[in-house]
Every structure is written in C-alpha cells, then in structure tokens.
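Report on the structure given below.
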Amino acid sequence: MNTGLRITTFAAALAATFGAAYGVGQGVDPVVADSPPKHGDEHSRPTQEQAEGGGHGGHDTPPAGGLQVSEGGYTLDLDTPRVTAGKQADLRFTVRDAGGRAVTAYQREHDKELHLIVASRDLVTYRHLHPSRAADGTWSTPVDLPRAGGYRVFADFTPAGKNAENLTLGADLAASGPYEARPLPPASTTARVDGYEVKLSGAPQPGRASELKLKVSRGGRPVTDLQPYLGAYGHLVALRSGDLAYLHVHPNGEPGDGTTRPGPDISFTATAPSLGAYRLFLDFKHDGKVHTAAFTVRAGGAAPDSGTPEGHAEDGHGH
C-alpha cells in the first residue's frame, strides 16, 4: 500500500434494502457478485448522480478505488458470498490472474502480503483482517458480522513481479438475517474508542492532496508512546458514502525514518476522488492492543463542528 491512494474505476451498484429480512431464506437474492468489466466500458467512472456531491470525472480528479472485481488482469474470486449475521463463518477467496490461475506470489507491504477490509454498506461496521494463504492460493479468515445487510470486501495487495502495481479489488458480501437500515453517522472531528479520544483536523479535498492530522489522547493527556502497527504508527482507510469508493493511505513517514513521532499526532496525505461524504477508519496500537476510531467527513465542504463524539466503528476490531 502506497502513501498515496490506490484507485481503480467504478463498476458497482448499490446494495438493495429488503425490508424486514435480508438474504437467504426470504426468496430474495440479496447481493450479486460483480462481473468482470468489459474493456472500454463507458460507465467505468462515477457519474454526478453516483458520486454524492456531484464530483466530476475530469482529468484532475482521480478515479475511485475498490469498485471493480477485476483490474489489470487480476480478479477477486469470493468463494463465500453469503454468511449469517451474528455467527462466525470462514470467509474464503482467491485472487486469480488473467488465465484463471490462483495467484500464489505477492509482495509484502506493511508486514503483510494482503490486507482485507470488510465494511457494511451503511459504513457502521468495519473490519480490517489479515487472512492466511494456503499453498494453492486460497485465502481464508474467520469473520463474525454483527448485523444483516450488504457488505463490501476489499482485497488490497501487490502481485509479485517486476513493475507490479498495487491493486484494490472489491466484491459484494451478504449477511442474512433481520435487517434494519441505519443512517450514516453524523460528521464529527472527535471520536472515542476504548477509553481513548481521537481528534481530527483537516479534511480530504477532491482532486488535490491535503493533510489529515489525528491526535490520540487518554484521560485528557496526549498519548506519546503509540506502538508501530503494520510498520506504521497509524493505518487509515477512507470509504465514500454511497458507492464505497476506497482510499487507503499511510502516515507521512514511517517508524525509524526520523520523520514520524510515536504520537500523539499522526499525519496523512490524502486526495478524494470527488465531493461528498466519507467515512474514515483509523487503526492505532497502544499498550499492545489495536483500536479503531471512526469519523464521518465531507470532502470539499466546511469542517464539521466537533459535536458529540461518534465513537468507534461498530465491532471494528478483528485485526
């Protein structure tokens, strides 16, 4: 994963709301896995209606990431498209090359060959997982999703090989059970999680890089001894509300290079692909445990009032 954004093009539809029940056993097929896009697809970029806030598709605005099941000759083959809410299941998938062969060689980036993100369509539930890979190329990890509804699975990886580029592929996942829609949490510059308070300054801007700073404190005192997690003092994922466009960035500087302090401030540089609402998920490690703080922000809009801290991602742990 690079310091900048790893971005792909848009080719996904929003998950449907199914009323009182969602998924298996209700006579409704809740989420259909993405099909590989055709070359030259005229719908490969979001329209103004698809990108909340009316982001344009000009050359100075990067395309959105994680919205294609296939890119650059690689495909995310999700073997487990459905699970049952509230019950642990083994999530299995394979990354395949253009010939349909399972990929078994990857570059290690930030201590892992592949990073797996699972997020609910309402951006309330978030998981950052690190699955295990079998010799045949099949990846697997236990997952327990708390609520029924539509989810998006993101595989962030770089295949082995000269000049290989980082990719983020996405596929739909359905959790069956009684379904209740939830609104996007309100915008806030403060989040509280596990006794920590995290304050955000800055907001992503469409089409240009901007700095985001996050400050961690506990008991009213700054935390100055954050521990490295995945080779950095913080790990940030941003998802656009609506289509779940994926942005993945890392701090400006890494542990040991003389440019990053071990807290309380963690600095990131990010570029939003469009105007609109985004959900930010910050992973940080302290006292041997990883915590996830979540924020809702608007790209290109005025910074929100601090308001009431909106807390952490629901059941966001699972690292």
Side-chain angles (χ1 to χ4, degrees), residues 1-6 65-66 106-119 126-133 139 141-143 154-158 160 164 166-168 190-202 204 209-239 246-271 279-295 311-313 315-319:
M1 289 153 291
N2 301 322
T3 300
L5 309 177
R6 299 312 309 166
Y106 296 82
Q107 295 184 20
R108 292 182 69 87
E109 294 188 336
H110 294 276
D111 297 339
K112 299 293 181 180
E113 288 187 339
L114 183 146
H115 297 260
L116 189 72
I117 303 297
V118 179
Y126 171 86
R127 299 292 177 84
H128 182 172
L129 306 170
H130 295 108
S132 300
R133 178 174 58 83
W139 294 88
T141 182
V143 65
F154 301 92
D156 189 334
F157 64 93
T158 301
N166 178 261
L167 297 169
T168 300
T190 304
R192 289 178 178 163
V193 52
D194 304 331
Y196 295 85
E197 183 176 83
V198 184
K199 289 186 176 295
L200 167 69
S201 61
S210 61
E211 186 179 26
L212 306 177
K213 286 187 176 182
L214 296 111
K215 178 175 292 187
V216 181
S217 62
R218 183 169 66 172
R221 296 183 177 182
V223 175
T224 58
D225 58 346
L226 292 175
Q227 298 166 303
Y229 172 62
L230 301 177
Y233 287 117
H235 197 273
L236 185 68
V237 168
L239 298 174
Y246 177 96
L247 293 75
H248 200 169
V249 295
H250 283 279
N252 295 324
E254 303 294 340
D257 68 3
T259 62
T260 300
R261 294 171 51 214
D265 294 327
I266 313 171
S267 174
F268 299 84
T269 298
T271 304
R279 189 85 164 140
L280 307 183
F281 300 94
L282 172 71
D283 294 332
F284 64 94
K285 186 176 182 179
H286 189 242
D287 285 347
K289 294 184 63 177
V290 177
H291 311 274
T292 302
F295 305 83
H312 56 81
D315 295 307
H317 308 293
H319 307 272

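- Using a 4.5 Å heavy-atom threshold, the side chains of Tyr196 and Ser217 count as separate.
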Original post:
Under the side chain to side chain contact (heavy atoms under 4.5 Å, CB included) criterion, do Val223 and Arg218 qualify, and how do the steps go?
Top reply: CA-CA 7 Å; Val223 175; Arg218 183 169 66 172; 4.1 Å; yes
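- Between His128 and Phe281, the closest side-chain pair of non-hydrogen atoms is not below 4.5 Å.
- Side-chain contact between Leu214 and Phe268 is present, with heavy atoms from C-beta onward closer than 4.5 Å.
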Original post:
When you look at Arg108 and Leu114, which way does the side chain to side chain contact (heavy atoms under 4.5 Å, CB included) test go after all the steps?
Top reply: CA-CA 8 Å; Arg108 292 182 69 87; Leu114 183 146; over 6 Å; no
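- Looking at His115 and His130, their side chains do bring a donor and an acceptor atom within 3.5 Å of each other.
- Minimum heavy-atom separation, Pro204 to Ser210: CA-OG, 3.4 Å.
- Among residues two or more places apart in sequence or in another chain, the side chain to side chain donor-acceptor pair (under 3.5 Å) test is passed with Asp111 by none.
- Salt bridge status for Arg192 with Glu197: present, with a side-chain N to carboxylate O gap under 4.0 Å.
- Residues meeting the side chain to side chain donor-acceptor pair (under 3.5 Å) test with Gln107, sequence neighbours left out: none.
- Using a distance-only test at 3.5 Å, with no hydrogens or angles considered, a donor-acceptor pair links the side chain of Gln227 to the main chain of Gly288.
- The side-chain heavy atoms of Tyr126 and Val237, taken from C-beta on, include a pair separated by under 4.5 Å.
- Under the 4.5 Å side-chain criterion, counting only non-hydrogen atoms from C-beta, Leu236 is in contact with Leu280.
- Of all non-hydrogen atoms in Ala209 and Thr269, the two that sit nearest each other are CB-CG2, 3.7 Å.
- Using a 4.5 Å heavy-atom threshold, the side chains of Phe284 and Val193 count as touching.
- A heavy-atom distance below 4.5 Å is not found between the side chains of Phe157 and Asn166.
- Using a 4.0 Å cut-off between charged side-chain N and carboxylate O, Asp225 and Lys285 make no salt bridge.
- In this structure, a donor-acceptor pair under 3.5 Å is present between the side chains of Thr158 and Glu109.
- Shown here are the ring pair (Phe, Tyr, Trp, His ring centres under 6.0 Å) partners of Phe154, two or more places apart in sequence or in another chain: Tyr246.
- One distance of note links CG of Leu200 with CD1 of Ile266; it measures 11.0 Å at 0.5 Å rounding.
- Atom CG of Leu129 is separated from atom CD1 of Ile117 by 7.5 Å, given to the nearest 0.5 angstrom.
- Summarising the geometry, atom OG1 belonging to Thr168 is positioned 9.5 Å from atom CG belonging to Leu247; distances are rounded to the nearest 0.5 Å.
- Put simply, the side chain of Leu282 does not reach to within 4.5 Å of the side chain of Thr292, judged on heavy atoms.
- Here OG of Ser201 is found 7.5 Å from CD of Glu211. Values are rounded to the nearest 0.5 Å.
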Subject >> From CA spacing to verdict: side chain to side chain contact (heavy atoms under 4.5 Å, CB included), Phe295, Lys199 >> reply: CA-CA 9 Å; Phe295 305 83; Lys199 289 186 176 295; over 6 Å; no
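- Nearest approach of Leu116 to Pro131, heavy atoms of both residues: CB-CD, 3.9 Å.
- Scanning both residues, Val198 and Ala293, for their nearest heavy atoms gives CG2-CB, 3.9 Å.
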